[in-house]
Amino acid sequence: MRTSLHPALTITASLIFAILVAPLFIILGAAVSDTSYLTFPPQGFTLRWFTNIFEISAFRTTAITSLQIAMLGTALALLIGIPAAYALNRFRIRLPSWLANVFVLPILVPEIVLGFSLLKSVTISLGLPVFLVLLLGHALLVLPYAVRVVGASLASFDFSIEEAAISLGCPPLKTFFTVVLPNISAGVIAAFILAFITSMNDVSVSLFLTGPGISTLPIQILAHMEQFFDPTIASVSVLLMVLTVGVMAIVEATLGLTFLTK
Amino acid sequence: MTVSLTLDSVTAHYGSTQVLKDLSLAVAAGELVSLLGSSGCGKTTTLRLVAGFLEPTSGSIRLGERDLTRLPAHQRNIGLVFQNYALFPHLSVRDNVAFGLKQRGLGAAERLKKADAMLERVGLASFAERMPAALSGGQKQRVALARALVIEPPLLMFDEPLSNLDAKLRVDMRVEIRRLQRANGTTSLYVTHDQEEAFSISDRVAIMNAGRIMQLDRPEVLYQRPANSFVARFVGFENLIPMRVSARDGGAVTAQTDAGATLTLSQDAFGAIPDRFVLAARPDGLAVTRAGEGRPAGIPVTLGIRTYLGRAYQYQCSTPGGDYLGNGPLTEPLEPGSSAILSPVPEQCCILPPED
C-alpha cells in the first residue's frame, strides 16, 4: 500500500532534485559541445575535448601529483589519526574534553587561512620542497576525517574485548593489530575514502602550497580555465565525476553507502 | 596446579580518590570466593587490580609463589570472564576459544583439538564455526567461559558474568560455572552485586563496602551470624535496635532502647552482651504478641499495617524510638492500631557491636 503524497511535496522534492542534478547534466552537455568555448546547450557533438585532456601534458602530470598527494597525505593522516582516535576513545575519562576538538580544527579554520598559514610557516620559513609541503598540508587538511570517522568506529568498540585479549596473553601492541584494528576496519576504509576525495578536490590549501613545476589537478583546471575557457574543463570534470561515482559504486557494492554516513 | 591468591594491604586510587583501603584477602587453592557489594564498593577495582588493568598504590598481590603486583597484564596467565562476554566479533567461536592457545605458541592442530574439546565440555561443539553475533547471550557466555578455561589458568576471575542473562539462564549458568570450576579445581574470584548468586556459587563471600571488606565468611555464617550492622542490613536483618545495658544480674542482662523500652536478655541464649550493642533481627526474629497480663516482657509497640506471608502475619510496629517489622502467629491475628509486645527470639537474633 502506498501513501499518497501531497502534490506540493512532490513538486518541491522534484525541484530540489533537479537543482542538485542539473549542473552535472550541464557539464556533461558542455563537455561534448563542438565549440571552442564553454556553452550550454551543446552545439554539435564531439569527443575531441576528452582526447584534448590527454594531449595537454599539464593535466596528466597534475593528475598524477594529485593522486600521489591524496594517497600519501591520506595514509599519513591515518597513521596519525588512528592512534589519536584510539587514545581519545580509550582514555576519554582521563583526557580533557577540549583535546578531541583540537583534531577538528583544520575543518573549522577557513581553508584559505590554513593554506596561507602553511605557506607562511612551512614553505617560507622552513623552505621545504614544494611536494613535501603539499603533502603535509593535505595530511593536515584530511586529519579531521581520519580522527572523526575512525573515532566513530571506536566509540562503538567495546574495549573489554581488548582486555580479554590481553588477559589471554596477547601483548598490548599486538592486541591493537589483531583485535582492535580488524573490528574498526570499516571506519578506517570510510575515513580513507572521505579523506582521499577531500584531498583530490581541494583548491584552497593547494592554491597557496603549489609552486614552480608542481601543481594539483584542481589548480590546473583553474589555471586552464583562466587561459582558455574551452570545454576541456567540462570534460575533465566529467572524468572526475566518473571516478568519484566509480569509487562510490565500489563502496556501495562492498560495504553499503550508508556506512560512510555512520 | 592449584595455587592460592593473596592480596596484602592493597590500596588503590582513581586520581585522588581512594577506592580500596588497605584491603587484604586470601583465596585458598581451589576455592571460589565472591566479592559482593553494591556499585562503587571496590569489588570490580579489586578484580581489575588482580588482572593487571590497574596498578595498586601500595600493597602486594601474589598468586602462589608468583608476585603479580607489577607484572604486565598479559603475563599474568589469568582466565577472565566479562559481564558483556567480550568475545572477539571478527573470529569464529572456535578461533575465539583458540585465541589464548595461539598466544602460547601452540601449533594449529593442537589448538584446534583443545578448543574443540573445550567447546564439547560447555556443550557448544556444534557451534564452532559460528560467529559470536549468531549466538544467544547464554551461548556467548559459555564461549567466554571456554575461552578462559582452555588456557588452564591457575586463577579464574568473573566480573558479573551473569548480569546480562535472564533469570532462568542465570541459575543454569551459575550451576555450570560451579561445575566446571569444581571439576578443574581452579582458584576463582567472582564479582557480583547479586546476593543470591554469590551465596549459591561461593565457598566464601566477601561483603564489601566503600573499599573495604566488611566480612569474609561462608554464606551460612554471613546469613545467620553477620559480624556488623552493615553486613546484617545487607543480608536482610531489617531491624537494628541500638541498646544500652542498664543492669546485669547473673546471666540476665537488662538493656534499654534509646526510647527507654526495656528488654531482659539471657546471656545463655544470646552469648556475651557488651554494654552497648545493636540487637539485629529479621522480622522472623521479633515475635509480635498481644499486650496484656502474663505476656512476656518486650518492647511495647503500636501495630501498623498487617501483611499475610503464608507462614505468618507481618506487622509494621511503631515505637517512639523507631519503626520495626515483626512477625506474629497465624492463630492470633491482631488488628492495626492495637497495642502489642515485640520480643526477640534468641536463636534468630544477633548481638552486634554498636554503629559509630
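No experiment lies behind these values; they were computed from the predicted model shown. Numbers restart at 1 for each chain; the letters A, B, ... are given by sequence-line order, proteins then strands.
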A.B. asks: Can you pull out all donor-acceptor pairs below 3.5 Å that join chain B and chain A?
C.D. replies:
from: B:Arg48; atom 1: NH1; to: A:Glu163; atom 2: OE1; distance (Å): 3.0
from: B:Arg48; atom 1: NH1; to: A:Glu163; atom 2: OE2; distance (Å): 3.2
from: B:Arg48; atom 1: NH2; to: A:Glu163; atom 2: OE2; distance (Å): 2.7
from: B:Asn84; atom 1: OD1; to: A:Ser160; atom 2: OG; distance (Å): 3.2
from: B:Asn84; atom 1: ND2; to: A:Asp158; atom 2: OD1; distance (Å): 3.4
from: B:Asn84; atom 1: ND2; to: A:Asp158; atom 2: OD2; distance (Å): 2.8
from: B:Asn84; atom 1: ND2; to: A:Ser160; atom 2: OG; distance (Å): 3.3
from: B:His90; atom 1: ND1; to: A:Asn183; atom 2: ND2; distance (Å): 3.1
from: B:His90; atom 1: NE2; to: A:Thr178; atom 2: O; distance (Å): 3.0
from: B:Gln103; atom 1: OE1; to: A:Lys174; atom 2: NZ; distance (Å): 2.8
from: B:Arg104; atom 1: NH1; to: A:Leu168; atom 2: O; distance (Å): 2.7

A.B. asks: Which region of B:Ala73, side chain (C-beta onward) or backbone (N, CA, C, O), has a non-hydrogen atom less than 4.5 Å from a non-hydrogen atom of chain A, or is it both or neither?
C.D. replies: both
A.B. asks: Under 4.5 Å from any heavy atom of chain A, what part of B:Ile151 do you find: side chain, backbone, both or neither?
C.D. replies: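 For B:Ile151, side-chain heavy atoms alone lie under 4.5 Å from chain A.
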A.B. asks: How about CE on B:Met131, more than 12 heavy atoms from neighbouring residues, nucleotides or ligands closer than 6.0 Å, or not?
C.D. replies: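 Above 12, so yes.
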A.B. asks: Return yes when atom CZ of A:Phe176 has more than 12 non-hydrogen atoms of other residues, nucleotides or ligands closer than 6.0 Å, and no otherwise.
C.D. replies: yes
A.B. asks: Which residues pass the salt bridge (charged side-chain N to carboxylate O under 4.0 Å, His left out) test with B:Glu176, sequence neighbours left out?
C.D. replies: B:Arg142, B:Arg179
A.B. asks: Quick check on A:Phe17: does its CZ atom have over 12 non-hydrogen neighbours (other residues, nucleotides or ligands) under 6.0 Å away?
C.D. replies: no
A.B. asks: Other residues, nucleotides and ligands only: do more than 12 of their heavy atoms fall within 6.0 Å of NZ on B:Lys21?
C.D. replies: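 Yes, NZ of B:Lys21 has more than 12 neighbouring heavy atoms, counting only those of other groups under 6.0 Å.
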A.B. asks: Evaluate B:Leu87 against A:Ile161 for side chain to side chain contact (heavy atoms under 4.5 Å, CB included), listing each step before the verdict.
C.D. replies: CA-CA 6 Å; B:Leu87 298 180; A:Ile161 290 165; over 6 Å; no
A.B. asks: Mind checking side chain to side chain contact (heavy atoms under 4.5 Å, CB included) for A:Val245 and listing every partner two or more places apart, or none if nothing turns up?
C.D. replies: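 In terms of side chain to side chain contact (heavy atoms under 4.5 Å, CB included), with neighbours along the sequence ignored, A:Val245 is linked to no residue.
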A.B. asks: Given the options A:Cys170, A:Pro182, A:Pro172, which has more heavy-atom pairs under 4.5 Å with chain B than any of the others?
C.D. replies: A:Cys170
A.B. asks: Donor-acceptor pairs under 3.5 angstrom involving side-chain atoms of residues 187-195 of chain A: please list them, not counting sequence neighbours.
C.D. replies:
none

